[in-house]
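Structure, as structure tokens:
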Number of protein chains: 2
Amino acid sequence: MYISTKTGYALRAMIELALTGDKQPLSIAELANRQQLPSKYLERLFSLLKKSELVKSRKGTNGGYLLAREAETITLQDVMHAVEESHYYTYCRHQKIDADYCQGLSCHLRGFWDRIGTDLESYFSNINLQSIINKYIRGDHEANLFE
Amino acid sequence: MYISTKTGYALRAMIELALTGDKQPLSIAELANRQQLPSKYLERLFSLLKKSELVKSRKGTNGGYLLAREAETITLQDVMHAVEESHYYTYCRHQKIDADYCQGLSCHLRGFWDRIGTDLESYFSNINLQSIINKYIRGDHEANLFE
DNA sequence: TAATAACATACTGAATTAGTAGGAGTTCGC
DNA sequence: GCGAACTCCTACTAATTCAGTATGTTATTA
């Protein structure tokens, strides 16, 4: 189990937006330059972030992206979910069991995997951009990562 | 982020072994049949489980596999780690940062991803085969999934 | 109106996953 | 000892996802 670079890239860019604030939008080119990320790839990630309404955009000259909500309200779960578009289940894709044919051990384990899924989801939902910034970017060791 | 079918398959097979006990080994053929899994694929998974010393084997007629330790001492973390052989980091493979060139935001986030990694590892390490069986196979709703 | 930047789509190569095939080496029961 | 029943080992294939590139269209603004 691992967390994809997609999520890693998206998080870095989102934090960059949060640090900039909403004075003015940041363009993909600027974001890619600051974070040393491939700009075309970032562009695609941002179209996903926008679809999930985590960022808003302004077209044309001096355009770019802004956070759509306050950094405190955007969680790691939000970012991961927006960007990882796999059409399999996010957790436990081996759980594609036909409900009509639900019997035996693998069926009993369905409840187990559901539990794992909700636990992880709740874990990632309790980490927001602002707390990451406070603790790891600003380096406030007193700060709590979880809200 | 998701949990692979590899892990799902391996867990089912390991639970089957735990339920059988150590009276006699279970062959791959028998396991594959009971769990409706592709036997050749299971075979490969078991070579990994054995390499990690989670199971022991007996060759020849009436041979097969047994748990190498008590079900209480085998965790989901153990199974996942044994079976997911990717040579990337288990968590956060986008963290392949050259330490000599560690600067800026992505470097600060290294600490963050390390924290995520250890949190997840500790989560999965607190779930063992026996507690899964108690709670989800035997259906004891009073049982605690975590030790 | 021209520059700028988001938006859209389609493509590539590499890695991993999931599963198959065939055979070599061990051990057991007879 | 011999053959059946196993594990064990290596190499292959197909499908999927990941990471990144290329090209062009649309909207905004200076």
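Residue numbers begin at 1 in each chain, while the letters A, B, ... track the order of the sequences.
B:Lys50 has its NZ atom 16 Å from the P atom of D:dC6, to the nearest Å. One interatomic measurement links the two molecules: CG of A:Leu49 to P of C:dA8, which rounds to 14 Å at whole-angstrom precision. When rounded to the nearest whole Å, the span between OH of B:Tyr9 and P of C:dT16 equals 20 Å. Per the geometry, NZ belonging to A:Lys6 stands 17 Å off P belonging to C:dA15, to the nearest Å. Rounded to whole angstrom, the span from the NZ atom of A:Lys51 across to the C1' atom of C:dA8 amounts to 10 Å. Rounded to whole Å, the distance from NZ on A:Lys56 to P on D:dA27 is 21 Å.
Looking only at side-chain heavy atoms (C-beta outward), A:Met14 and A:Asp78 stay at 4.5 Å or farther from each other.
The side chain to side chain donor-acceptor pair (under 3.5 Å) contacts involving residues 125-135 of chain B comprise B:Asn128-B:Glu147, B:Gln130-B:Asn134, where partners must be two or more places apart or lie in separate chains.
In this structure, B:Ser57 reaches the sugar-phosphate backbone alone: every heavy-atom distance under 4.0 Å involves primed, P, OP1 or OP2 atoms, never a base.
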Residues 21-33 of chain A side chain polar contacts: donor-acceptor under 3.5 Å, at least two apart:
residue : atom : partner : partner atom : Å
A:Lys23 : NZ   : A:Thr20 : O            : 2.9
A:Ser27 : OG   : A:Glu30 : N            : 3.1
A:Glu30 : OE2  : A:Arg34 : NE           : 2.8
A:Glu30 : OE2  : A:Arg34 : NH2          : 3.4

Could you pull out all donor-acceptor pairs under 3.5 Å where a side-chain atom in residues 48-56 of chain B meets a protein atom, sequence neighbours excluded?
residue : atom : partner : partner atom : Å
B:Lys50 : NZ   : B:Ser57 : OG           : 2.9

Donor-acceptor contacts, no H, no angles, side chain residues 60-67 of chain A, under 3.5 Å, sequence neighbours left out:
none

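OP1 or OP2 of D:dC6 has not a single side-chain nitrogen or oxygen of B:Tyr65 nearer than 4.0 Å. B:Ser4 has no side-chain polar atom (N or O) that falls below the 4.0 Å cut-off from OP1 or OP2 of C:dT17.
Within residues 16-28 of chain A, no residue is approached by DNA chain D to less than 4.0 Å at the level of any non-hydrogen atom. For DNA chain D, the neighbouring residues in residues 37-46 of chain A, judged by any heavy atom under 4.0 Å, are A:Pro38, A:Lys40, A:Tyr41, A:Arg44.
For B:Arg58, there are no salt bridge (Lys or Arg N to Asp or Glu O under 4.0 Å) partners at least two apart in sequence or on another chain. Here A:Asp140 pairs with nothing under the salt bridge (Lys or Arg N to Asp or Glu O under 4.0 Å) rule; sequence neighbours left out. Here A:Arg138 pairs with nothing under the salt bridge (Lys or Arg N to Asp or Glu O under 4.0 Å) rule; sequence neighbours left out. Residues satisfying the side chain to side chain donor-acceptor pair (under 3.5 Å) test with B:Ser47, not counting sequence neighbours, are none. The salt bridge (Lys or Arg N to Asp or Glu O under 4.0 Å) check on A:Glu70 picks up nothing, with sequence neighbours excluded.
In this structure, B:Ile15 CD1 and A:His108 NE2 are separated by 11.0 Å, a value rounded to the nearest 0.5 Å.
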Using a cut-off of under 3.5 Å, enumerate the N/O to N/O pairs linking the protein to nucleotides 24-28 of chain C.
residue : atom : partner : partner atom : Å
C:dT26  : O4'  : B:Lys59 : NZ           : 3.2
C:dC28  : O2   : B:Thr61 : OG1          : 3.4

